[in-house]
S.K.: 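There's a structure below that I have some questions on.
In what follows, every heavy atom counts, from backbone to side chain, and hydrogens, waters and symmetry copies are set aside.
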2 protein chains.
Amino acid sequence: MGKLREPLNLLYGDNCALPLALEAMGERWSFMILRAAFNGVHHFEEFQQELSIARNILSNRLSKLVDHGIMAREVMAEDRRKVRYELTEKGLELLPAMIALRQWGEKWGAGVPSTPVLVDVRDEQPIGAVTITAHDGRPIGHKELVWKHRSELQPLGQARARTDERMAPVAAE
Amino acid sequence: MGKLREPLNLLYGDNCALPLALEAMGERWSFMILRAAFNGVHHFEEFQQELSIARNILSNRLSKLVDHGIMAREVMAEDRRKVRYELTEKGLELLPAMIALRQWGEKWGAGVPSTPVLVDVRDEQPIGAVTITAHDGRPIGHKELVWKHRSELQPLGQARARTDERMAPVAAE
DNA sequence: GAGCTGAGTTGCATTTTGCAACCTGCATCC
DNA sequence: GGATGCAGGTTGCAAAATGCAACTCAGCTC
């Protein structure tokens with residue numbers, strides 16, 4: 001083991017979870033594999049053809065995603081040659097990050113009309129833009145945001161409630 | 001120029017903006033640099049010390065970010081040795097993607113309490129979780145989502161209005 | 001049991017990353 | 001106004017990751 005390529009989370013683990021996320025998803029193909037998985041791709045050969053990725057790299061990335069608990073690997077019972085890769089709950093929860101990135105690319109890239117598009121099952125309307133929201137769900141822009149150290153956070157009144165409907169709030173200790 | 005490392009957006013440009021986004025931000029250090037920039041870091045030496053990144057890589061990444069219009073490079077008037085790197089509007093709008101990633105890392109990593117934390121200027125309360133929302137802003141989980149090809153989208157009644165307050169909606173043509 | 005198929009591995013060339021040392025234009029100090 | 005120092009890079013070289021093509025190998029199929 002060389003000392004090159006020190007995991008980012010060892011260098012920054014104390015104060016930010018971003019390096020940790022990047023350790024799992026920060027590589028060139030990881031998001032593309034994730035996208036294919038979200039699109040219903042489950043098998044090695046499917047990923048390989050869909051992405052035109054080198055087989056050894058694909059193999060390596062799938063293993064890493066499995067190691068990180070983002071995908072689950074299962075040898076299929078009815079044909080034991082086949083291996084099924086499936087997103088775990090942890091993997092599925094990368095969707096907001098992936099969509100945010102894709103929407104950004106869509107907005108700032110040369111007007112790419114991405115297909116397929118995610119729609120609400122209920123009304124078949126495309127989803128809205130992923131945004132930053134205040135604790136009460138009101139969308140806020142970067143101008144209305146400041147960084148605060150955890151130690152100087154307000155004691156929090158009743159304002160905090162209801163933020164953890166979908167996911168633990170950022171400030172959950 | 002070898003043929004290795006074909007840009008992802010040339011292979012996938014037609015149907016998805018994700019590769020395009022990854023072309024700009026998909027490298028190991030890009031998000032870390034972005035994070036530092038959001039934290040108020042502006043100068044080469046600051047980035048270098050904050051991130052412990054190799055100087056040549058930092059130089060290369062900053063150039064790429066500038067090329068992609070994510071950061072602006074400006075030689076400072078009062079001391080022409082100094083160069084100031086600043087996030088552009090395009091760069092600032094990567095915040096949702098970055099926060100989504102960070103929140104994911106926070107939730108699934110070993111309980112890392114990230115610091116500093118983003119708070120709403122108004123009430124100094126930490127921001128909520130970044131989520132996928134329906135066209136009307138109602139948060140939805142991955143179970144309530146399906147992929148649709150752009151061609152099979154509903155003709156859209158009045159439901160569509162108001163989604164583009166903050167950013168162009170996914171389905172804007 | 002010959003051949004096929006899905007899921008990888010191996011060998012080798014190219015590219016990227018990392019580190020340390022060097023360079024270079026500005027500013028400052030005496 | 002020459003020495004000194006500093007911000008922001010570049011260069012050379014070693015180690016690692018990536019890409020490609022060819023190969024393996026278990027499990028099916030006939």
S.K.: Please report the distance, rounded to the nearest Å, between CD in Gln48(B) and P in dA20(C).
M.R.: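 Gln48(B) atom CD is separated from dA20(C) atom P by 11 Å.
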S.K.: For nucleotides 26-30 of chain C, print each protein N/O atom paired with a nucleotide N/O atom at under 3.5 Å, atom names and distance only.
M.R.:
| unit_1 | atom_1 | unit_2 | atom_2 | d |
| --- | --- | --- | --- | --- |
| dA27(C) | OP1 | Arg80(B) | N | 2.7 |

S.K.: What nucleotide among dA7(D), dG8(C), dG18(C) has an atom nearest to a side-chain atom of Ile57(B)?
M.R.: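 Minimum distance to the Ile57(B) side chain belongs to dG18(C).
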S.K.: In this structure, how many angstroms lie between the P atom of dA7(C) and the CD atom of Glu74(A), rounded?
M.R.: 13 Å
S.K.: Do the side-chain N or O atoms of Ser59(B) get closer than 4.0 angstrom to the phosphate oxygens (OP1, OP2) of dT10(D)?
M.R.: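 For Ser59(B), the contact criterion (side-chain N or O under 4.0 Å from OP1 or OP2 of dT10(D)) is met.
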S.K.: Side-chain donor-acceptor contacts of residues 56-65 of chain A below 3.5 Å, not counting sequence neighbours, with atom names and distances?
M.R.:
| unit_1 | atom_1 | unit_2 | atom_2 | d |
| --- | --- | --- | --- | --- |
| Ser63(A) | OG | Ser59(A) | O | 2.9 |
| Lys64(A) | NZ | Glu27(A) | OE2 | 3.4 |

S.K.: Just the rounded figure in Å: distance from P of dC28(D) to NZ of Lys82(A).
M.R.: 11 Å
S.K.: Is the backbone of Gly40(B) close enough, under 3.5 Å, to the side chain of Glu46(B) for a donor and an acceptor to pair up by distance?
M.R.: no
S.K.: The side chain of Glu45(A) is closest to which nucleotide in this list: dG8(C), dT10(D), dG6(C)?
M.R.: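 Nucleotide nearest to Glu45(A)'s side chain: dG6(C).
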S.K.: Tell me: CG of Leu65(B) to P of dG9(D), nearest whole Å?
M.R.: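 Roughly 13 Å, once rounded to whole Å.
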S.K.: Please give, in whole Å, the distance from dT18(D) P to Ile53(A) CD1?
M.R.: 9 Å
S.K.: Atom CD of Glu46(A) and atom C1' of dG8(C): how far apart are they, to the nearest Å?
M.R.: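 Roughly 16 Å, once rounded to whole Å.
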S.K.: State, to 0.1 Å, how close Trp147(A) and Arg102(B) come at their nearest heavy-atom pair, and which atoms those are.
M.R.: CZ3-NH1, 3.7 Å
S.K.: Please check this pair: side chain of His42(B) against backbone of Arg84(B), looking for a donor-acceptor N/O pair closer than 3.5 Å.
M.R.: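 Pair absent, no side-chain N/O of His42(B) close to backbone of Arg84(B).
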S.K.: Within the distance-only criterion (no hydrogens, no angle test), does the side chain of Thr133(A) pair as donor or acceptor with the backbone N or O of Arg138(A) below 3.5 angstrom?
M.R.: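 No, Thr133(A) side chain to Arg138(A) backbone: no donor-acceptor pair under 3.5 Å.
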S.K.: For the side chain of Arg61(A), starting at C-beta, report the closest nucleotide among dG18(C), dG9(D), dT18(D).
M.R.: dT18(D)
S.K.: Please identify which of these residues, Val119(A), Leu95(A), Ile99(A), meets the side-chain contact (heavy atoms from CB on, under 4.5 Å) condition with Leu145(B).
M.R.: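 Running side-chain contact (heavy atoms from CB on, under 4.5 Å) over Val119(A), Leu95(A), Ile99(A) with Leu145(B) returns exactly one hit, Leu95(A).
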S.K.: Under 4.0 Å between a Lys/Arg side-chain N and an Asp/Glu carboxylate O for Glu45(B) and Arg55(B)?
M.R.: yes
S.K.: Could you tell me how far apart Gln49(A) (CD) and dT5(C) (P) are, to the nearest whole angstrom?
M.R.: 12 Å
S.K.: Which donor-acceptor pairs under 3.5 Å do side chains of residues 72-81 of chain B form with protein atoms, sequence neighbours excluded?
M.R.:
| unit_1 | atom_1 | unit_2 | atom_2 | d |
| --- | --- | --- | --- | --- |
| Asp79(B) | OD1 | Arg81(B) | N | 3.1 |
| Asp79(B) | OD1 | Arg81(B) | NE | 3.1 |
| Asp79(B) | OD2 | Arg81(B) | NH2 | 2.8 |

S.K.: Looking at dA7(D), I'd like to know if its phosphate oxygens (OP1 or OP2) sit under 4.0 Å from a side-chain N or O belonging to Arg73(B).
M.R.: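 Answer no for this pair, as no side-chain N or O of Arg73(B) is under 4.0 Å from OP1 or OP2.
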S.K.: Counting any heavy atom closer than 4.0 Å, what does Tyr85(A) reach on the DNA or RNA strands: base, sugar-phosphate only, or nothing?
M.R.: sugar-phosphate
S.K.: Classify Arg84(B) by what it touches in the nucleic acid, base, sugar-phosphate, or nothing, heavy-atom distance under 4.0 Å.
M.R.: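 Result for Arg84(B) = nothing.
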S.K.: Among dG8(D), dT10(D), dG19(D), which is the nearest nucleotide to the side chain of Asn56(B)?
M.R.: dT10(D)
S.K.: Looking at the side chain of Phe44(A), which of dG19(D), dG8(C), dG8(D) is the nearest nucleotide?
M.R.: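 Ranking dG19(D), dG8(C), dG8(D) by closest atom to the Phe44(A) side chain puts dG8(C) first.
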S.K.: Any side-chain N or O of Trp29(B) less than 4.0 Å from the OP1 or OP2 oxygen of dG18(C)?
M.R.: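 Checking Trp29(B) against dG18(C): at least one side-chain N or O falls below 4.0 Å of OP1 or OP2.
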S.K.: Among dG8(D), dG9(D), dT17(C), which nucleotide has an atom closest to any side-chain atom of Glu27(B)?
M.R.: dT17(C)
S.K.: Rounded to whole angstrom units, what separation is found between the CG atom of Asn60(B) and the P atom of dG8(D)?
M.R.: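 In whole Å, dG8(D) P and Asn60(B) CG are 17 Å from each other.
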S.K.: Do the side-chain N or O atoms of His43(B) get closer than 4.0 angstrom to the phosphate oxygens (OP1, OP2) of dG8(D)?
M.R.: yes
